[in-house]
Every structure is written in structure tokens, then in C-alpha cells.
Amino acid sequence: MISPEMVLRQCRLLNHDGDVDIAIQDGVIQAIAPRLEVFGGQELAVQGKLVSPPFVESHIHLDSALTVGEPRWNQSGTLFEGIDIWRERKQSLTLEDVKQRATATLKLLAQQGTLFVRSHADVSEPSLTALKALLEVREAVKDWITVQVVAFPQDGIYGSPGNDALIETAMEMGADGVGGIPHYELTREDGVQSVHRIFDLAQQYGRLVDIHCDEIDDDQSRFLEVVAACALRSGLGDRVTASHTTAFAAYNNAYATKLMGLLERSQINFVANPLINITLQGRADTYPKRRGITRVKELWQRGLNVSLGNDCVQDPWYNLGTGNMLAVASMAVHACHMTGQAEIDACYAMATHHGAKTLQVEDQYGLEVGKPANLIVLDADSPYDAIRRCATVTHVISRGQLLAQTQPAATTWLGVDA
Ligand code: 17E
Ligand code: FE2
């Protein structure tokens, strides 16, 4: 008999027949079995609901979150107007401003079941306020949520003279990853050079790579091949992530097929941000309009790692958003034609396990004995049910502690005969 601090009774697990009990002790999963005999501890009656590892937010900008309308709303809906609005807003960033909005956003994410987050921090301002603030937040929240910070040169590494030095300073300050935006550099050559520079920094400082790559509908935007080639040649492989890659959806199939072989060899990760890119992309199209989301289905079918992100919560690029990963997965199901049963399950995996692979946190992640007790209870009986109904995450357990609880909405019918 064991004496855990907490026992979850009758949990339905992913890919597992029959319900199990889960015992938690010292912040770690102590036992998983159909009926655990325990002595003491807090009991949580899950009653056959889905218990899952937490969601992984593979891509968000915590520095710009919750600034919608400041100083103005994005009227064109394009990436480029968003960058211009942010350039204005970021002139008035303070540490307190960024920390307050980032922490509020992390709480939104966590209460909806996300406990691992990769955030980009804009490092195109000489003060590096966004980065400093997010590094402080990473530390301040680490007891309840894991945050990685990627140094992201929003205005390009070569867009203005000081930016190259700023991204190196960001490495010295302790960013977890190095990013870039090759499709926004002034020329194709600058874009290629920026990718090489990013890989040099990643190797020199031993950091992860996560590049905003080809986030444009231009079928000539082909930096993904450069990223994949660098990942292959440097041996960085799955420590590298290509985010967005929306142009991949615009490439002709002959080129896309050739590229797919290189991607497979490179073993890089992909992050799709379907809520954002379905709205940002296709803006220069008339009809038919592109969906502007990378080839999620084909990448997944080839066994490549694809995960998902919100990208934004109410910022210059996206006026909406609540930070809910099930909403992101639902948009992936719809916009990427992932409606088959296995495909819906795959979209759930993209919001969970695949994200852990992108973030390279698999050693801390998953419902297994000995792993940190990070888990969520959903008001759903399967991933399909969870995505279809955008189910409430009723309990969030982080490091073995109950962090947040939410009541599902309940309707009472009045005045209608059953
Ligand atoms: N910056 C960028 O280049 N692309 C985006 N989707 C966001 C910020 C949100
Ligand atoms: Fe982004």
C-alpha cells in the first residue's frame, strides 16, 4: 500500500482501454493502475473523464499579447500591418508592462490546460525590454509553468545595423533559442545569410533554433530548404524548428515533393499556427483564396513532427484569441482537412506530445510513473470529444499541485417539455 498526496480515481487515458487510478507524491507520478490501494491523500473523482498530459503551446508571442488596439487595430489583417503597429507600440514598452501582460497570458493558458510554453521575444529594440521582461517571467513562473524564450528579431537581423549585435546579446543574456524572419529580410541573400547566422549562434551558444520561416503566400519564398539544409549539415536536426512555413502550401507540387525528402532527412520540427495564418494569409488573393497553412497533413503523413501554437492572444496580428489549445487544434482539423478519426487524434497529439518534442522537453513530459505530475482533466471522454466541443479543462495539476479548477458550463431548460 502506498501513501500518496493525491489520487485521481477512474481516469481515462489516451490510447488506453479501461480506466486507471493515478497516484501523485512529491510532485511526481508515483503509480498508475486500474485500482490503487492507498492510505490517505487527497482523492479526486475523475469518473471516466479524459486525463491527459498538459497542452504544449509551441509558439506564442507573450511580449505583444493583450495589446490589441494599441495604438490602433490592424485593419488590413496582414502580417506587415501587424509588424508596423507593433513597431509603434514597442516604443513604449516597460518591464512592468510586458511582465504584467505576459503573466496574465500565461495564466490564461494554464487555466485552459497548457503547462509548457515557447514564447518569442522581439529583440529588435536596443533596450531589449521584451527579452529582459520575458526572462524574468520565465524565472518567476517556473514553479507552475515551463516557459522557453526565443530571441526573435522581428524587424530582421539585417534590417537595421544594430540588430545583429542585439541577437547575440540575447544569447549572452540567456535566451533558450535563437530565431529569425528570413522572408522579411530586405533581400533573398540577406534572408539566406540570416539563417546561416542563426545556426552559427545556436552552435556557438548551444541553443535551440526556432525560425519564423516563409510566413508569406509567396511561392518563391524558399527559406525552408535553407533551414533544413543547415539543420542537416550542422547536426542540430530536431533541435531546430521551422514555424509557420505557410509558403509551403503555395509551392508547386513538383518542388514540394523534392523538398519533403530533404525535410525528412533533416528531422526538423514544424509549428503551424492555424488560427493566425488562416486570417493573416491569403490577403492578396481574390478567389480562390489560399488557406495559408503549411502542409500539416502531408508532413504528419511523412512522420515529421508537427506541433501547434496560438501565436497570438489579442495583439497587432490577431484581434481575437483566448489561448485555448483546443481551439487551435479544432482550426487545424478544419483548415488542414484533418477530419478522419486518426487525423483528429493526430491534431490532439500536435497540441500535446508533439509539442513536447518541438520544445525538447520529452524527458519531463507524459503520463508515466516517475515523470513530473503535470496533467489535466477534461470534461470529455476522448480527444475527439474534447476537440469537437472545445471541452472545459476542469482540473490542472502542475508539479503535483492542483493549480486551477474550472466548472463546465451547464444549461437548464425552462418552459419546454422534454
Ligand atoms: N510576428 C511575425 O512575424 N509573425 C507573426 N505571426 C506574429 C508576429 C504573431
Ligand atoms: Fe509567430
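Numbering of residues begins at 1 and proceeds along the displayed sequence. These figures come from a predicted structure and were not determined experimentally. Atoms within a ligand are numbered from 1 in the order they appear, just like the ligands themselves.
Assignment of H120 to the shell around ligand 1 is not supported, since no heavy atom sits closer than 4.0 Å. Ligand 1 lies out of reach of Y318, whose nearest heavy atom is not under 4.0 Å from it.
Set against the non-hydrogen atoms of H244, the atoms of ligand 1 under 4.0 Å away are 6 (N). Listed by atom number, the atoms of ligand 1 under 4.0 Å from H212 heavy atoms are 2 (C), 3 (O), 4 (N). Set against the non-hydrogen atoms of Q154, the atoms of ligand 1 under 4.0 Å away are 1 (N), 2 (C), 3 (O), 8 (C). Of all the atoms in ligand 1, the ones that sit under 4.0 Å from a non-hydrogen atom of I181 are 3 (O). Near C312, the atoms of ligand 1 lying under 4.0 angstrom from a non-hydrogen atom of the residue are 9 (C). Every atom of ligand 1 with a heavy atom of F152 under 4.0 Å away is listed here by number and element: 1 (N), 3 (O).
Ring geometry, Y251 versus F248: the interplanar angle falls from 30° to 60°, so the pair is classed tilted.
A donor and an acceptor atom, one from each side chain of H183 and D214, are nowhere located under 3.5 Å apart. The closest side-chain donor-acceptor pair between R12 and S52, if any, does not fall under 3.5 angstrom. Looking only at atom types and distance, the side chain of Y184 has no donor-acceptor partner in the side chain of Q154 under 3.5 Å away.
Ligand 1 has no N or O atom lying under 3.5 Å from any N or O atom of D315, backbone or side chain. Not a single N or O atom of H61, backbone or side chain, sits closer than 3.5 Å to an N or O atom of ligand 1.
When you scan the N, O or S atoms of D311 for the one nearest the Fe ion (ligand 2), you land on OD1.
Crowding of E172 atom CD: a count of heavy atoms from other residues, nucleotides or ligands under 6.0 Å exceeding 12. K107 NZ: 12 or fewer foreign heavy atoms inside a 6.0 Å radius. Counting heavy atoms of neighbouring residues, nucleotides and ligands inside a 6.0 Å radius, atom CZ of R188 exceeds 12 of them.
Shortest contact from atom 4 (N) of ligand 1 to any protein heavy atom: E215 OE1, 2.7 Å.
Checking H61 against the Fe ion (ligand 2), an N/O/S atom falls under the 2.8 Å cut-off.
Geometrically, K289 engages Y287 in a cation-pi contact, judged by NZ or CZ lying under 6.0 Å from the ring centre and within 45° of the ring axis.
Using a 4.0 Å cut-off between heavy atoms, L79 contacts ligand 1 through its side chain alone, with no backbone atom that close. Residue contacts with ligand 1 for F80 are absent, since no atom lies close enough (heavy atoms, distance under 4.0 Å).
Ion pairing between a basic and an acidic side chain is recognised when a charged N comes within 4.0 Å of a carboxylate O; R207 and D176 show no such pairing.
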Passes side chain to side chain donor-acceptor pair (under 3.5 Å), E57 versus N310? Steps please. CA-CA 7 Å; E57 170 56 80; N310 273 284; 2.8 Å; yes

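Vertex the Fe ion (ligand 2); arms to H212 atom NE2 and H59 atom NE2; angle 90° (nearest 10°).
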